[in-house]
Amino acid sequence: MPPKRKAAAQTAAEADAEGWDSDDMGALSDQEMYDDLKKNFSIADKKRRTIQRADAASFIFKHDNLDQPLKPDAASRPLWVNDDGKIIMESFNPLFEEAQDFLINIAEPVSRVSRMHEYTLTLHSLFAAVSVGHSSKEIIDRLERYSKVTLGSNVVAFIKKATSSFGKAKIVLKKTLSYIESDDPAILQRLLRDPTVASCRADNTDGLIQEAAPKIGVMAIPGTKMAAGATQIAQTAAAEPQAPVDMIASLREEDDDEDVAKVHSFQIRSESREEVIKRCQQIGLPLTEEYDFNNDEVNANLDIDLKPHAQIRYYQEKALSKMFSNSRARSGIIVLPCGAGKTLVGITAACGVKKSVIVLCTSAMSVVQWRSEFIKWSNINPDDIACFTAESKAVFKGNAGILITTYAMITSVRNRSYDSEKAMDFIRSREWGLLIADEVHVVPAKMFKQVTYAVASHAKLGLTATLLREDDKIGDLNFLVGPKLYEANWQELSEQGHIAKVQCAEVWCQMTPEFYTEWLRSPPSSPKNDIISSLNPNKFQACQFLIDYHEKRGDKIIVFSDNVFALQKYALKLHKAYIYGGTPQNERMRILENFQHNPEVNTIFLSKIGDTSLDLPEATCLIQVSAHYGSRRQEAQRLGRILRAKRRNDEGFNAFFYSLVSKDTDEMAYASRRQAFLVDQGYAFKVITRLEGLNQRTDLAFHTPQERRELLMEICLAKDADVEKEKIEGDAFGSRFANGGRAKKGAGARRTAGTLSELSGGQQMSYIEYNKSRNSEIKGKGVKNAFLRKLNSSTANAKKKAAGGG
DNA sequence: CAGAGAGGAA
DNA sequence: GAAACTCCTCTCTG
């Protein structure tokens with residue numbers, strides 16, 4: 001305790017010396033303050049996580065302030081503010097809209113189901129609030145106004161503490177190097193006394209660098225009703241002259257002697273950015289990262305503007321106004337559901353900054369898409385867009401331009417080809433105005449973290465539909481990219497017709513006795529078990545039934561199966577096209593094209609390739625037969641596949657999302673975990689235990705016990721063969737495939753399938769037939785099955801039609 | 001264009 | 001709770 005006290009006293013003394021209100025910092029050291037905050041405010045979070053599993057409701061009643069008396073007019077106020085920072089809001093309250101607009105700025109949405117929304121105040125959310133222009137006082141006053149109960153002292157103290165220290169230091173980029181900058185040298189001295197920060201310092205001088213401070217201007221977001229946007233922002237600025245939008249300016253007023261026009265800085269190593277940002281936040285001096293692009297004379301301007309027809313939707317505007325509020329570009333993350341126009345947000349941001357932009361995507365395919373979207377929505381000269389992928393190593397010729405590439409390209413640790421190395425040098429050697437990170441939720445992966453160090457960018461914009469990971473790395477994004485600036489409310493968007501309305505259902509399928517016996521016999525959550533529950537004949541029939549039903553309604557249907565074995569079984573048995581990782585590129589294209597244009601092809605089967613990496617045409621119905629454990633992201637991503645349906649504005653139009661679940665298996669538990677995110681977004685999952693009319697059908701697959709037994713046998717043969725094959729390979733081909741790794745397994749599986757069909761004999765006709773087509777497909781040559789032939793000819797027809805018509 | 005090698009997701 | 005496992009990407013090489 002004594003050393004701590006000493007430290008605290010020192011800090012307080014320093015604070016006094018530096019002319020701050022020592023009350024602001026309390027009697028606590030930075031570390032203590034942080035610990036204190038964490039203690040009080042992360043409890044709720046932990047509780048929620050642990051308790052939620054046992055009981056859906058009890059966590060709500062822990063740690064609350066139920067003993068607080070309601071204000072007399074509580075009924076007209078929309079929300080409760082809990083002393084731990086949790087906020088519960090009624091969505092039916094007249095003040096809801098107004099309160100929601102405010103809450104989204106200052107708190108994290110946790111759950112937005114139909115009647116009640118839950119938010120929580122966090123350090124990050126409050127930092128973001130301040131950086132967007134809310135003052136500590138305004139936050140407290142407005143919360144008090146909306147709250148049915150008087151704000152607790154904890155919450156008030158938390159808000160004050162979190163917001164008071166904000167905006168005093170910035171992280172900036174000069175000549176591709178990172179600097180910590182402040183108007184007040186004492187702040188920097190204070191940061192440098194922190195061992196972590198000090199260890200990240202790059203320049204060896206003792207003193208600080210001094211420069212003249214830049215001016216602040218006003219900007220409009222392009223694509224919004226330009227003028228209107230500009231005046232609005234100007235008005236906001238005028239209406240709240242002392243709002244911390246001008247934190248820097250107001251600080252300057254405080255020590256308004258001769259230091260007025262000076263900023264001070266020291267340099268840090270680029271690779272330590274994350275660490276420094278994190279540390280500064282921990283010690284209560286969060287760094288703002290803003291790019292004053294209007295006054296950037298060093299980097300060339302890029303000639304880019306939105307085309308006149310590009311109209312920004314209101315929520316896109318809202319999101320962008322967060323990013324650009326004080327005429328600077330602020331780093332952060334924008335969360336929009338798929339189909340809500342993330343790309344356009346990115347492009348608009350690029351048009352706002354008008355400097356060189358680098359776009360990072362997860363796949364080479366979306367690189368191409370980004371490029372074409374840029375050309376579609378903006379007047380950019382196509383020569384100024386360069387794609388850097390395995391295929392094209394172009395860089396732009398001018399001084400400024402847009403470079404679109406993949407994460408893998410930037411982070412590749414292996415030796416590069418000559419061209420690739422040259423392009424990388426180009427990327428590393430220059431300053432980027434804006435870095436757009438598409439699918440930003442992948443960035444926290446160890447490898448991808450590097451991109452934020454390797455690419456020197458003044459501002460970073462992260463885009464994603466699902467800010468979710470099943471590991472605990474999602475918080476790293478706060479330091480790697482920035483805080484979450486905006487998160488759209490899915491339900492709201494679908495009510496307004498920006499994305500489709502979706503009916504979600506979980507279909508419970510009873511296991512057949514044989515399948516269940518076999519399921520029980522194999523070890524829990526083994527691959528074989530997965531397949532058994534995915535290929536449960538009852539599920540298969542339910543799937544077939546639903547496909548029939550929806551094809552008759554004129555829906556376009558996508559069926560997802562994570563398990564490739566099951567996928568192929570389903571698709572071949574039902575004579576549908578399917579795509580998985582091993583499907584060659586041109587075949588993928590052909591199938592997707594047919595799905596899109598050919599009225600005969602209304603259903604396709606996809607492995608998890610369809611989650612992210614395919615540019616799927618519009619579909620209106622989605623059936624999930626097997627999935628990856630409890631991945632909420634996958635569920636959300638899949639749902640997203642039907643949100644962009646063009647028919648969404650038709651009267652009473654609904655898209656459908658079915659999860660087929662085998663009863664009494666692991667799938668049940670996984671399904672409910674998977675749905676958690678969507679439920680929080682306000683989707684209601686209906687449970688269907690019986691499909692009307694299914695039992696009357698005799699034409700469905702696996703109708704007879706004989707067929708079902710055969711299916712089960714195939715599964716067992718295939719799976720047990722897998723196990724066997726591993727052994728055999730270990731012996732006979734051990735040396736040959738010794739270093740083969742994954743490739744070995746793939747090759748092995750194919751070969752074994754071939755042998756098996758011979759082994760299994762004549763009574764397994766269907767099996768042989770399947771295997772042939774499967775192999776031919778995998779090899780991409782040999783005899784095509786009837787369906788593929790048909791598909792080919794229909795492609796030809798479609799092409800003829802297109803040629804004839806156009 | 002196949003195969004190798006490396007990485008991610010969960 | 002960790003670790004295996006599968007599936008799928010990417011890039012570079014021959």
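- Using a 4.0 Å cut-off, some side-chain N or O of A:Arg633 falls inside it from OP1 or OP2 of B:dA10.
- Between A:Arg469 and the phosphate of B:dA9, there is a side-chain N or O to OP1/OP2 separation shorter than 4.0 Å.
- Of the listed nucleotides (C:dC12, B:dA9, C:dC7), C:dC12 has the atom at the smallest distance from the side chain of A:Ala390.
- Residue A:Thr411 is classed as having no contact, given no heavy-atom separation below 4.0 Å to the nucleic acid.
- Checked against B:dG8, C:dT9, C:dC12, the side chain of A:Phe448 finds its nearest nucleotide in B:dG8.
- Across C:dC10, C:dC12, C:dC7, the shortest atom-to-atom separation from the side chain of A:Lys608 is found for C:dC7.
- The residue A:Thr406 sits close only to the backbone: its heavy atoms come under 4.0 Å of sugar-phosphate atoms, none of a base.
- Atom OH of A:Tyr670 is separated from atom P of C:dT6 by 15 Å (rounded to the nearest Å).
- For A:Lys556 and A:Phe595, the positive end sits near the middle of the six-membered ring, less than 6.0 Å away and at most 45° from its axis.
- Put simply, A:Arg632 has no side-chain N or O that comes within less than 4.0 Å of OP1 or OP2 on B:dA9.
- The nearest whole Å value for the distance from the NZ atom in A:Lys446 to the C1' atom in B:dG8 is 12 Å.
- Electrostatic pairing of A:Glu635 and A:Arg673 does not count as a salt bridge here, judged by no charged N lying under 4.0 Å from a carboxylate O.
- Relative to the six-membered ring of A:Trp519, A:Arg521 misses at least one condition, a distance below 6.0 Å or an angle of at most 45° to the axis.
- You'll find that the side chain of A:Ser363 is closest to C:dT9, out of B:dA9, C:dT9, C:dC12.
- Distance from the side chain of A:Met409 is smallest to C:dC12 among C:dT9, B:dG7, C:dC12.
- Counting any heavy atom pair closer than 4.0 Å across all strands shown, A:Asp530 reaches no nucleic acid atom.
- Here the options are A:His628, A:Glu667, A:Glu506, A:Gln624, the test is side-chain hydrogen bond (donor to acceptor under 3.5 Å, both in side chains), and the partner is A:Arg674; only A:Gln624 passes.
- Comparing B:dG8, B:dA10, C:dT11 against the side chain of A:Glu470 picks out B:dA10 as the nearest.
- For A:Ile609, counting side-chain heavy atoms from C-beta on, the closest listed nucleotide (B:dA10, C:dT9, B:dG7) is C:dT9.
- The CG atom of A:Leu567 sits 16 Å away from the P atom of C:dT6 (whole-angstrom rounding).
- Per the geometry, CD belonging to A:Gln585 stands 12 Å off P belonging to B:dA2, to the nearest Å.
- The distance from atom CD of A:Glu391 to atom P of C:dT11 is 9 Å, rounded to the nearest whole Å.
- Summarising the geometry, the separation between NZ on A:Lys528 and P on C:dT6 is reported as 15 Å, rounded to the nearest angstrom.
- Figure legend: A:Lys569 and A:Phe565 shown as a cation-pi pair, the cationic atom lying under 6.0 angstrom from the six-membered ring centre and within 45 degrees of its axis.
- Closest to the A:Ala445 side chain, of the nucleotides B:dA9, C:dT9, C:dT11, is B:dA9.
- Regarding A:Arg588, its CZ atom lies at a distance of 13 Å from the P atom of B:dC1, rounded to whole Å.
- In the set B:dA10, B:dG8, C:dC12, B:dA10 carries the atom at the smallest distance from any side-chain atom of A:Ser631.
- Residue A:Ser417 has a polar side-chain atom (N or O) positioned under 4.0 Å from OP1 or OP2 of C:dC12.
- A:Asp680 and A:Arg112 are not joined by a salt bridge, as no carboxylate oxygen comes within less than 4.0 angstrom of a charged side-chain nitrogen.
- A:Met365 has its CE atom 13 Å from the C1' atom of C:dC10, to the nearest Å.
- In this structure, A:Thr389 reaches the sugar-phosphate backbone alone: every heavy-atom distance under 4.0 Å involves primed, P, OP1 or OP2 atoms, never a base.
- Looking at heavy-atom distances under 4.0 Å, A:Lys393 makes contact with sugar-phosphate atoms alone, never a base.
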